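Take a look at the structure below.
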Amino acid sequence: MRWLWALALIASSAHALYFILEGQEQKCFIEELPKDTTVLGKYTASEWKNDQQKYEQNPQQIVLISVESMHLRHKVLNQKGSSSGKFTFTSSDFGEHLICINAQGGHAGWFSGSKTKVEFDLIFGEVAHADTGSSTKNNIDDVAVRVRSLKYVVNNILNEQKYQRDREAEFRDFSESINGKVVRWTLLQIFVLLLAGFLQTRYLKQFFVAKKII
């Protein structure tokens, strides 16, 4: 059912969400990506103003964004930016990627209990390529965007299929390794039992001969 999830993801071409950061809190979430998938992220951080009772952008705020491949334990991106901006990266491997964000240095101070609202948007694949430059985006008509989206759908399905085959091959190798260990352990147990039976029989025979029973 993973390919159905992929189609649902592609149909929207983006993930949009927002969350609240308390002080120096860091929020993280996981995206499972095919290999060589381009991801474009857009964010806007707004600090809570008690006097105005609303969220407002603060130019002094610094937003830290990091992306890590959980399978490779490799840092894909580590970026420091202003209160509003973009970031982009390309997945180097199949699997889960940990995306973390936090905001620092607001009006209330580095160690305060300030609140920051972060609006977050992720765009995937060819659509992300098209959106990385405003000049390029302005030159792409609706048909071209649809073609790009369709191409991404096809490529993503192929990548998902390859990912499934790789996972199945990895699981098969693991299962064969476990089965081999079980067989060897079973054979070792049989050998030990046969050896113990042989030694016991030999000992009993020598015992009976010594006692002149046989």
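As the structure is a computational prediction, the values presented were derived from the model and not from experiment.
- Here CZ of F94 is found 12.0 Å from OG of S69. Values are rounded to the nearest 0.5 Å.
- Through ILVMFWY side-chain contacts below 4.5 Å, L72 is grouped with nothing and stands alone.
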Side-chain donor-acceptor pairs under 3.5 Å in residues 74-85, sequence neighbours left out?
| unit_1 | atom_1 | unit_2 | atom_2 | d |
| --- | --- | --- | --- | --- |
| Q79 | NE2 | K86 | O | 2.9 |
| S82 | OG | S84 | O | 2.9 |
| S83 | OG | Q57 | NE2 | 3.3 |

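- Considering only heavy atoms from C-beta on, E31 comes within 4.5 Å of F29 through its side chain.
- Atom-to-atom distance recorded for H71:NE2 and H97:NE2 is 10.0 Å, nearest 0.5 angstrom.
- Y18 and I99 fall into different hydrophobic clusters, where Ile, Leu, Val, Met, Phe, Trp and Tyr are joined by side-chain heavy atoms under 4.5 Å apart, directly or via other members.
- Going from atom CG of L21 over to atom NZ of K27 covers 7.0 Å, rounded to the nearest 0.5 Å.
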Please lay out, stage by stage, how V118 and T44 fare under the test side chain to side chain contact (heavy atoms under 4.5 Å, CB included). CA-CA 6 Å; V118 179; T44 301; over 6 Å; no
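- F87 and L17 fall within a single hydrophobic cluster, where Ile, Leu, Val, Met, Phe, Trp and Tyr are joined by side-chain heavy atoms under 4.5 Å apart, directly or via other members.
- Look at K49 and E47 and you find a salt bridge, because one of the NZ, NE, NH1 or NH2 atoms lies within 4.0 Å of a carboxylate O, short of that distance.
- Taking NZ of K117 as the reference point, atom CD of E56 lies at 13.0 Å (rounded to 0.5 Å).
- With 3.5 Å as the limit, one finds no donor-acceptor pair spanning the side chains of Q26 and N102.
- Rounding to the nearest 0.5 Å gives a distance of 14.0 Å between CD of Q60 and CD of Q104.
- Checked by atom type and distance alone, the side chain of S91 never pairs as donor or acceptor with a backbone atom of L33 at under 3.5 Å.
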Going by atom type alone, with no hydrogens or angles, which donor-acceptor pairs under 3.5 Å involve a side-chain atom of residues 192-203 and a protein atom two or more places apart or on another chain?
| unit_1 | atom_1 | unit_2 | atom_2 | d |
| --- | --- | --- | --- | --- |
| T201 | OG1 | G197 | O | 2.8 |

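- Between F19 and F120, the ring-plane angle classifies as tilted under the 30° and 60° cut-offs.
- Atom CD of E68 is separated from atom CZ of R73 by 6.0 Å, given to the nearest 0.5 angstrom.
- Through side-chain heavy atoms spaced under 4.5 Å, either directly or across other Ile, Leu, Val, Met, Phe, Trp or Tyr residues, W48 is tied to I20, Y55.
- Put simply, the side chain of E170 does not reach to within 4.5 Å of the side chain of D173, judged on heavy atoms.
- Inter-residue side-chain proximity for T90 and V39 is flagged as unmet; no heavy-atom pair is nearer than 4.5 Å.
- Applying the disulfide bond (SG atoms under 2.5 Å apart) definition to pairs two or more places apart or across chains, those involving residues 24-75 are C28-C100.
- A side chain to side chain contact (heavy atoms under 4.5 Å, CB included) with I101 is found for exactly one of V63, L64, V67, T116, namely V63.
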Enumerate, atom names and distances included, each donor-acceptor pair closer than 3.5 Å involving a side-chain atom of residues 178-186, sequence neighbours excluded.
| unit_1 | atom_1 | unit_2 | atom_2 | d |
| --- | --- | --- | --- | --- |
| N179 | ND2 | S175 | O | 3.2 |
| T186 | OG1 | V182 | O | 2.8 |

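- Using a 4.5 Å heavy-atom threshold, the side chains of D166 and K162 count as touching.
- Side-chain contact between D121 and Y43: absent, with no pair of heavy atoms (C-beta onward) separated by less than 4.5 Å.
- Nearest heavy atom pair, residue Q24 against residue A103, reads OE1-O, 4.0 Å.
- In this structure, Q53 contributes its side chain and N50 its backbone to a donor-acceptor pair below 3.5 Å.
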